[in-house]
Amino acid sequence: MTADTLQRRLLGGGLVALLVAAGLLTLDGADATLNQFIVGWLAAGGALLVVAGIRNRFLLGVATVGWPKLAAAGLAILSVGSSTVGFLQLFVAPVGWGLLNGILAVLAALVLALGALECWLGGVLLDAELFAVE
C-alpha cells in the first residue's frame, strides 16, 4: 500500500459518509435533535476525510496541517459519533436487533479509533513512510 492508495481510500470513505448524511437528511429530515446530531457527525467526519484524501497539506490559519492529522481528526469524529450512537442503541433497545446494532456500532467505533491513532501517530503498526507528507 502506498500513501496515494491510502488517501484514495480516505477520499472514498469520506464520500460515503457524506452520501449517507445526505441520504439521511433527505429521507428523515432534520426535525429531531438526534437526526441533526447524526447528520452533523457524518458530514463533519466525511468532510475532513475528503479534504485529507484530496490535499497533501491544508492551510489552517497560519499553520499548515498534513493530511494524516486531518484524517486522524475525521476518523476520531466518526469514532466518537459511532460509539455514542452504539451506546444509545444499547440503552434504548438492549435486546434483539437493537443489541446487535449497538455492538456493531461500538466495534466500528473501535476500528475507527485505531485508524485515527495510526494516522495521528504516523505509523505504529503500518510503515511510517506511508504517512509522509510531501
Item to complete: Please round to the nearest 0.5 Å and tell me the distance separating atom CG of L112 and atom CG of L107.
Response: 11.0 Å
Worksheet item: Roughly how far, to the nearest 0.5 Å, is CZ of R57 from CG of L70?
Response: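 Rounded to the nearest 0.5 Å, the CG-CZ separation comes to 12.0 Å.
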Worksheet item: Hydrophobic clusters join Ile, Leu, Val, Met, Phe, Trp and Tyr when side-chain heavy atoms are under 4.5 Å apart, directly or via other members; which others share one with L117?
Response: none
Worksheet item: How is the hydrophobic cluster of V50 composed, in terms of its other members, when Ile, Leu, Val, Met, Phe, Trp and Tyr link through side-chain heavy atoms under 4.5 Å apart, directly or indirectly?
Response: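 Taking Ile, Leu, Val, Met, Phe, Trp and Tyr as members, V50 shares its hydrophobic cluster with L11, L15, L18, I54.
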Tell me every residue that passes side-chain contact (heavy atoms from CB on, under 4.5 Å) with [X], counting only those two or more places apart in sequence or in another chain.
X	answer
L60	F58, V65
A73	L48
L100	W97, L104
V111	none

Which donor-acceptor pairs under 3.5 Å do the side chains of residues 78-91 make with protein atoms, sequence neighbours left out?
{"residue": "S79", "atom": "OG", "partner": "A109", "partner atom": "O", "Å": "2.8"}
{"residue": "S82", "atom": "OG", "partner": "A105", "partner atom": "O", "Å": "2.7"}
{"residue": "S83", "atom": "OG", "partner": "S79", "partner atom": "O", "Å": "3.3"}
{"residue": "S83", "atom": "OG", "partner": "V80", "partner atom": "O", "Å": "2.9"}
{"residue": "T84", "atom": "OG1", "partner": "V80", "partner atom": "O", "Å": "2.8"}

Worksheet entry | Shared hydrophobic cluster for V106 and W41 (ILVMFWY, side-chain gaps under 4.5 Å) |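 No, it is not one cluster - the side chains of V106 and W41 are not joined through contacts under 4.5 Å.
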Item to complete: May I ask whether V39 and F37 are part of the same hydrophobic cluster, defined by side-chain heavy atoms of I, L, V, M, F, W, Y residues being less than 4.5 angstrom apart, directly or through others?
Response: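 Yes, it is one cluster - the side chains of V39 and F37 are joined through contacts under 4.5 Å.
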Output all residues satisfying side chain to side chain donor-acceptor pair (under 3.5 Å) with [X], sequence neighbours left out; order by chain, then residue number.
X	value
T2	T5
N101	none
Q7	N56

Item to complete: Could you go through the side-chain contact (heavy atoms from CB on, under 4.5 Å) check for W120 and K69 one step at a time?
Response: CA-CA 5 Å; W120 186 263; K69 302 296 183 190; 3.6 Å; yes
Discussion item. If you compare all heavy atoms of L42 against all heavy atoms of A21, which two are closest, and at what distance to 0.1 Å?
Written reply: CB-CB, 3.7 Å
